[in-house]
Amino acid sequence: MLTQLVGQGTRTAVAIVLAHMLSPREYGLAGMALVFGGIVGIFTDLSLGTALIQRQSITELDRSTVFWTTMAAGVACTIAGIAAAPLVGDFFSTPNVVPLFAASSCGFVLSAAGVTQMALMTREMNFRSLELRSIVATILAAVIALVLAAMGYGAWAIVVQSLAATAIGSFLLWRLSSWRPQRVYSLESLRTLGSFGGKMLLARIMGFLNLNADNLLVGRYIGSTALGIYAVAYNVMFLPLSRITAPIQQVLFAAFVRLQDDPPRLAEAWLRGNRLVSAIAVPAFVGMTVVAPDFVPVILGSRWHAVVPVLQLLSLAGIAQSYQTSNWSVLQARGKAGVLLWFMIWSTIITVGGFIVGLKWGVVGVAGSYAIARTIVLVVYTWLSCRVTGITMSSFVRRHADLAALALAMGGAVYFLRMVLLHELPQGLRLAVLTTFGVAFYLGLVLWLTRDVVTEIRQTWSRRGVPA
C-alpha cells in the first residue's frame with residue numbers, strides 16, 4: 001500500500017502537470033489511442049495467470065505452458081492492433097489517432113512478457129518485489145512523459161508513458177523472478193487451466209467494457225475535446241481508486257485462495273478488507289464532490305472548468321465502487337468463475353445501456369449514468385459476494401454504516417464551511433483550508449467513534465501472512 005500510494009501520487013501529479021502542458025484535444029487523442037489499453041492485460045494474460053494463482057498445486061508444465069501461450073497471444077494481439085489502427089481512426093473519425101493507436105498496440109507483447117512471472121510472485125505473496133517494481137516503472141515512465149511533453153510531442157507523451165511503464169515493469173519482473181520458462185508445452189495443462197481461465201477471460205472482457213465503453217462512446221459521438229475533459233476527470237479521481245485497490249485485490253486474492261475451504265474466515269477477511277478500503281476511499285470521494293469547484297481551477301487551470309460537474313458525478317460513482325473492490329477477488333477464490341461471468345454480463349448491459357442514454361446530455365450525462373449504474377450494480381454484486389461467503393446483506397451493511405455516516409458528516413461540514421468562506425478567501429487558500437479541515441474532521445470522528453478502524457489498520461500494517 002505504501003509503494004502504491006507513492007506511485008499513484010506520482011501518476012496524479014504527472015496527470016495534473018500534463019493537463020497544464022497539453023490541450024484538451026491532445027489529451028483526448030491520447031485517450032482514444034489508449035482506450036483499448038485496459039484490454040492489453042486481458043488478452044495477453046488470457047486469465048491463465050489467474051488460474052495459476054487459484055490452483056492449489058501447479059507443475060513446471062503448467063508454468064511454461066502459460067508463458068508460451070501468453071507470449072503467442074501478445075504477439076498476435078500486437079500484429080492485430082497495428083493492422084486495425086486505420087479502422088480505429090475511422091471509428092473516431094480522427095486520422096491523427098492512427099499512428100498513436102498502432103504504437104500503443106506494442107503494449108500487448110510487452111505486457112505478455114511478464115504475465116507468468118507476476119502470477120508466480122503473486123502466488124508466493126511476494127508483494128514487496130511486485131510493488132517496488134511497479135513504483136520504479138511508474139517514476140521512470142513519468143519522467144519520460146514530462147520530457148516528451150516539454151519537447152512538444154503532445155499526445156505522444158501520454159502514449160509513450162504507458163508503453164514505457166509496461167516495458168520497464170516487464171523487464172524488472174524478469175530481474176526479480178528466478179523462474180525461467182522451459183522448452184515444454186502441454187495441451188492437457190492448457191485445457192485444465194483454461195476451464196477456469198476461459199470463464200474468467202470472458203468476465204474480464206465484460207469488465208473492460210464496463211470501464212471503457214464510456215470513453216469509446218464519448219470519443220465516437222461527442223469528440224476528442226469532450227473525451228479530454230472526461231479523461232482528465234476520470235484520471236484525477238476515479239483512476240486512483242483502481243490504482244490503490246489493485247495491490248489490495250492482489251493480496252486479498254492470494255490470501256482468499258488459502259482460505260477458500262474455510263468460509264467463516266473467508267467472510268471475515270472479505271468484510272475487513274472492504275471496510276478498510278471504504279474507510280479511505282469513501283471520504284476522499286465525498287470530499288472531492290464538495291471541493292471540485294475549487295479544485296479544478298486551482299489544480300488543473302481555468303480552461304478545464306467543464307471538468308467540474310463530470311468530476312463530481314464520477315466521485316459519486318467512486319463511492320459506490322469503493323464497496324466493491326474485493327468482491328471480484330472473493331468470487332475468484334471460491335472458484336465461482338461462472339457466477340462472476342453471468343454477473344459481469346448483466347453489469348455490462350446495465351452500465352453500457354446507461355452510457356448510451358447519458359450521451360443525450362453530453363459528458364455530464366455519461367458521468368451521471370455511470371454513478372447510477374455503479375449504485376445499481378453495487379447492490380447485486382454485494383448480494384452475490386455475501387451469498388458466496390455465507391453472510392447476510394444486513395451484516396455487510398452493519399459493518400459499513402458507521403464509517404459511511406462519518407464520511408457524509410464530514411462532507412456536510414466541509415460544504416457548510418465552503419459556503420461561509422466562498423467570498424472571504426481566494427480559491428487556492430480556500431481549497432487548502434477546506435482540504436485540511438475535511439481530513440482533520442474525519443480523522444477526529446474516526447478516532448472518537450470508530451477506534452476499531454485505527455486498531456485494524458495498525459494490526460494490518462504489522463501483520464504478515466494470511467488474514468486471521
*Is the side chain of R123 donor-acceptor paired with the backbone N or O of L52 at a distance under 3.5 Å, no angle test?*
yes

*Can you find a heavy atom in the side chain of W361 that is under 4.5 Å from one in the side chain of V366?*
no

_Would you compute the distance between atom CG of L120 and atom CG of D62 and round it to the nearest 0.5 angstrom?_
10.0 Å

*Of all heavy-atom pairs between S326 and F256, which one has the smallest distance, and what is that distance?*
O-CE1, 4.1 Å

*Is a side-chain N or O of T70 found less than 3.5 angstrom from the main chain of V66, in a donor-acceptor match?*
yes

*Take V286 and V282, measure what side chain to side chain contact (heavy atoms under 4.5 Å, CB included) needs, and give me the verdict at the end.*
CA-CA 6 Å; V286 171; V282 172; 4.2 Å; yes

_Minimum heavy-atom distance between A371 and A317, given as atom pair plus value_ = CA-CB, 3.7 Å

*Take L216 and F92 through the side chain to side chain contact (heavy atoms under 4.5 Å, CB included) test and state the conclusion after the steps.*
CA-CA 8 Å; L216 281 168; F92 288 117; 4.1 Å; yes

*Going by heavy atoms in the side chains, are Q324 and V377 under 4.5 Å from each other?*
yes

_Qualifying side chain to side chain donor-acceptor pair (under 3.5 Å) pairs, either residue in residues 299-313, two or more places apart_ = none

*Quick one: CD1 on I350 to CZ on F355, what's the gap to the nearest 0.5 Å?*
12.0 Å

*Looking at CE of M206 and CG of L340, how far apart are the two atoms once the value is rounded to the nearest 0.5 Å?*
11.5 Å

*Has the side chain of S186 got a donor or acceptor atom that lies under 3.5 Å from a matching backbone atom of L61?*
no

*asked:* Between S369 (side chain only) and G354 (backbone N and O only), is there a donor and an acceptor less than 3.5 Å apart?
replied: yes

*Which pairs, with at least one residue in residues 150-174 and sequence neighbours excluded, count as a ring pair (Phe, Tyr, Trp, His ring centres under 6.0 Å)?*
F67-W174

_Flag, side chain of T166 to backbone of S162, donor-acceptor distance under 3.5 Å_ = yes

*Atom pair OG1/CD1 of T351 and I372 - distance to nearest 0.5 Å*: 11.5 Å

_With a 6.0 Å cut-off (strictly less than), is the heavy-atom count around OH of Y185, excluding the residue itself, greater than 12?_
yes

*Look only at the side chain of S93 and the backbone of G89, and say whether a donor-acceptor pair between them is shorter than 3.5 Å.*
no

*asked:* A side-chain contact here means heavy atoms from C-beta on lying under 4.5 Å apart; do N274 and N327 qualify?
replied: yes

*Backbone N/O of L22 and side chain of R25: donor-acceptor pair under 3.5 Å*: no

*asked:* Given 3.5 Å as the limit, does a donor-acceptor pair link the side chain of S189 with the main chain of T65, or not?
replied: no

*Counting only N and O atoms by type, is there a donor-acceptor contact under 3.5 Å from the side chain of S23 to the main-chain atoms of E26?*
yes

*Can you sort out the partners of Y381 under ring pair (Phe, Tyr, Trp, His ring centres under 6.0 Å), two or more places apart, ordered by chain and number?*
F343

_All pairs passing salt bridge (charged side-chain N to carboxylate O under 4.0 Å, His left out) where residues 279-302 contributes a residue, at least two apart_ = D294-R418, D294-R430

*Find out whether L173 and L130 are in side-chain contact, i.e. whether some heavy atom of one side chain is under 4.5 Å from a heavy atom of the other.*
yes

*Between A367 and L313, which heavy-atom pair has the shortest distance, and what is it?*
CB-CB, 3.8 Å

_Heavy-atom closest contact (T78 atom, S105 atom, distance)_ = OG1-O, 3.1 Å

_Contacts of E60 that satisfy side chain to side chain donor-acceptor pair (under 3.5 Å) - sequence neighbours left out_ = R63, S64, W179

*Please answer whether the main-chain N or O of F101 pairs with a side-chain N or O of S104 as donor and acceptor at a distance below 3.5 Å.*
yes

*Spacing of OG1 belonging to T192 relative to CD1 belonging to I58, to within rounding of 0.5 Å*: 13.0 Å

Exercise answer: donor-acceptor pairs, residues 13-20 side-chain atoms, under 3.5 Å, sequence neighbours excluded:
unit_1, atom_1, unit_2, atom_2, d
H20, NE2, I299, O, 2.6
H20, NE2, L300, O, 3.4

*Would you please test M71 and T116 for side chain to side chain contact (heavy atoms under 4.5 Å, CB included) and show each step?*
CA-CA 10 Å; M71 281 303 299; T116 309; over 6 Å; no

*Test log, rule side chain to side chain contact (heavy atoms under 4.5 Å, CB included), inputs N215 and Y234*: CA-CA 10 Å; N215 293 317; Y234 191 94; 5.8 Å; no

*Using the six-membered ring of F91, assess whether NZ or CZ of R220 lies under 6.0 Å from its centre and within 45 degrees of the ring axis.*
yes

_Non-hydrogen side-chain atoms of L431 and Q427 separated by less than 4.5 Å_ = no

*asked:* Can you confirm whether M121 sits close enough to S178 that some side-chain heavy atom of one is under 4.5 Å from a side-chain heavy atom of the other?
replied: no

*Can you find a heavy atom in the side chain of W328 that is under 4.5 Å from one in the side chain of M344?*
yes

*Nearest heavy atoms of A141 and A164, plus distance in Å*: CB-CB, 4.0 Å

*asked:* As an exercise, state the distance from OG of S129 to CG of L172, rounded to the nearest 0.5 Å.
replied: 10.5 Å

_Side-chain donor-acceptor contact under 3.5 Å, Y230 with D214_ = yes

*For the residue pair T94 and M32, establish whether any side-chain heavy-atom pair is separated by less than 4.5 Å.*
yes

*Shortest non-hydrogen contact from L227 to G219?*
CD2-CA, 4.1 Å

